[in-house]
Amino acid sequence: MFSNWRTVEEWKAMKVPITTPSNEACKMFDAALTQFVTWRDQDSVGGIEGAVDKMMAADPDFVMGQVMKNGLDLVGTGRSVKLDKEFQSAMDRMVKMAESPSSGLAPSEKKHTSALKLFSEGHLMKAAQVWEGILVDHPLDTLALKFAHDSYFYLGQASQIRDSIARVLPHYTTTNPYYGYILGMYSFGLEETNLYDAAEKTAKKGLEINASDAWSTHTLCHVMEMTGRQDDGIKFMTNTVTDWEPCGMLACHNFWHWALYHIEKGEYQAAMDILDSQVKSRACKSGSMLDLVDICSLLFRLQMEGVGVGDRWEEVYEVVRPHLDDHILVFNDVHLLLACLGAGKNDAVTHMMESIETFVRNGEGDNHDVMKDVGQSLCKAFIAYNDGDFVTAVDLLTPIRYRIINIGGSHAQRDLFNLFLIQAAIKSPKVEHHRLARTLLAERKALKDHAPMTDRLVERAMTLHVD
């Protein structure tokens, strides 16, 4: 679909400054960006990694190329400059080159490097604000748009996920190759701000333009999840799998959504089949944080439903083990802890909690603040639950439940914590927790009327003593 990669002059015509004397470097920049936008590797350039390698080989001093390379690692949240000296060196070189009086860079290019430096130091919101400043002057700078969009997602800023796209959408015409994909990004923001009808309409428009748009597909998964349309979701995923499965960067997550429908319906074997054949194998192969949190989420959800998962946690733990000290996102940390608990790695649990305590004492940035305010208590609640101390789990989680949105993720992803609190309250021996479980289930029923899981939990809660 994409092959006519843009040259230096073509980028200039779009008023997006890209400073390099090499047309090849510029074309490979475009190839990498396109794969980032579409979530799909292009074999013709060796996938996104191949495009990045070719880009840097064509011009090793290409600062925006370094922004692309380093930025993809940063927003992937699987690599920390604090723990990776080679990565820190690459970041330092990029910043030094951008700040050089002889760089010849446009102001927007220098802003890109400043934003990445802020992001690497944990200041995601400040980084997003820098990217927003770029977009005011260069609304077709799709890299700035994607980086800002991801930052908002990591911070749970639903309105900004939506509005960051709305601000530039008029500049993307139907002749722009990214137009349909930008609609897909916008549709997700609409969904996360509970505008489900508008989200569905916009996502379907995106799919009319690009049937293989995995992100528009992803939005429809969310809409059907949040509106209790499990059968529609299963049918939709079944009928379109050949369109979105080749989008390897997002396919695992879309399979995760598919499994959620089956868990909601109590069809555990169907969910386990998807977990084994798609989610676990993809996550353990890719090592992508998005994929790893998905497998951890599914395994824990199934366990809460009383489903035995065998030794599946063991393989997952081995993949997440190198990341226990990252502390890039609280959302990631919580799921990594679940892998430690699920695999029964008590030493790893102790190590991770000590590492988190050090991060709270000495760290900085947005996720440091979220960890201190919410994340540490959330982690302790999961440990208590794992130890059978359901009273403590409930008491830790209840005061912070409306601040959990600050750890980022989507409505569907954070539903794990709603279900966790309900399950802990049901299992607690305290009568007041039983009453809490019933009220939380009433709340859940009001938000999503057709939810078989809620009905099953209500049946359990109604057998509890509440007087």
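Values below: every heavy atom of this structure, side chains too, minus hydrogens, waters and symmetry copies.
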S.K.: Answer with yes or no whether the side chains of Tyr178 and Thr34 bring together a donor and an acceptor at under 3.5 Å.
M.R.: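 Yes, Tyr178 and Thr34 have a side-chain donor paired with an acceptor closer than 3.5 Å.
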S.K.: Compute the ring centroids of Phe382 and Phe420, then answer whether they are less than 6.0 Å apart.
M.R.: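 So the answer is yes for these two rings.
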S.K.: Pick one: which of Phe236, Trp215, Phe255, Trp39 meets ring pair (Phe, Tyr, Trp, His ring centres under 6.0 Å) with Trp244?
M.R.: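 The passing option is Phe255.
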S.K.: Taking atom types as modelled, find out whether Asn194 and Tyr196 have a side-chain donor-acceptor pair closer than 3.5 angstrom.
M.R.: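 Yes, a side-chain donor-acceptor pair sits under 3.5 Å.
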S.K.: Measure across His327 and Met352 and return the closest heavy-atom pair with its distance rounded to 0.1 Å.
M.R.: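 Closest pair (atom of His327, atom of Met352, distance): CE1-O, 4.5 Å.
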S.K.: Between Glu121 and Lys126, is there a side-chain heavy-atom distance shorter than 4.5 Å?
M.R.: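 No - every pair of side-chain heavy atoms lies 4.5 Å or more apart.
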S.K.: Considering only residues two or more places apart or on different chains, which pairs with a residue in residues 199-216 satisfy salt bridge (Lys or Arg N to Asp or Glu O under 4.0 Å)?
M.R.: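 Sorted result for residues 199-216: Glu200-Lys204, Glu200-Arg229.
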S.K.: Is there a side chain to side chain donor-acceptor pair (under 3.5 Å) between Asn418 and Asp415 once you walk through the steps?
M.R.: CA-CA 5 Å; Asn418 298 324; Asp415 193 37; 3.2 Å; yes
S.K.: For Lys82, is the NZ atom crowded, meaning more than 12 foreign heavy atoms sit under 6.0 Å from it?
M.R.: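 Yes.
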S.K.: Answer with yes or no after comparing the ring centroid distance for His411 and His222 against a 6.0 Å cut-off, counting only values under it.
M.R.: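 Centroid distance His411-His222: not below 6.0 Å, so no.
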S.K.: Do Tyr261 and His257 have their ring centres less than 6.0 Å from each other?
M.R.: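 Judged by ring-centre distance (under 6.0 Å), Tyr261 and His257 do not meet the cut-off.
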S.K.: Any side-chain heavy atom of His262 sitting closer than 4.5 Å to one from Asp273?
M.R.: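 They are not in contact (no side-chain heavy atoms under 4.5 Å apart), so the answer is no.
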S.K.: Do the side chains of Asp455 and Lys445 get close enough for a salt bridge, i.e. N-O under 4.0 angstrom?
M.R.: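 So Asp455 pairs with Lys445 through a salt bridge.
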S.K.: May I ask you to test the Met91-Leu74 pair for a side-chain heavy-atom distance under 4.5 Å?
M.R.: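 Of all side-chain heavy-atom pairs linking Leu74 with Met91, at least one is under 4.5 Å.
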S.K.: Got a sec, which pairs hit salt bridge (Lys or Arg N to Asp or Glu O under 4.0 Å) with one end in residues 328-349, sequence neighbours left out?
M.R.: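 Residue pairs with at least one partner in residues 328-349: Glu314-Lys345.
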S.K.: Under a 3.5 Å threshold, yes or no: a donor from one side chain and an acceptor from the other, between Asn362 and His368?
M.R.: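 There is no such pair (donor and acceptor under 3.5 Å, judged by atom type) between the side chains of Asn362 and His368.
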S.K.: Between Glu305 and Arg301, is there a salt bridge with N-O shorter than 4.0 Å?
M.R.: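 No, Arg301 and Glu305 are not salt-bridged.
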S.K.: Look at atom NZ of Lys69 and say whether more than 12 heavy atoms of other residues, nucleotides or ligands are closer to it than 6.0 Å.
M.R.: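 Result for NZ/Lys69: open.
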S.K.: Distance alone, cut at 3.5 Å: any donor-acceptor contact between the side chains of Asp141 and His112?
M.R.: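 Yes, because at least one side-chain N or O of Asp141 sits under 3.5 Å from a partner of the opposite role on His112.
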S.K.: Indicate yes or no: at least one non-hydrogen side-chain atom of Leu441 is less than 4.5 angstrom from one of Arg438.
M.R.: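 Not in contact.
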S.K.: What is the minimum heavy-atom distance between Glu191 and Val223, and which atoms define it?
M.R.: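 For Glu191 versus Val223, the nearest heavy atoms are CG-CG2, 3.9 Å.
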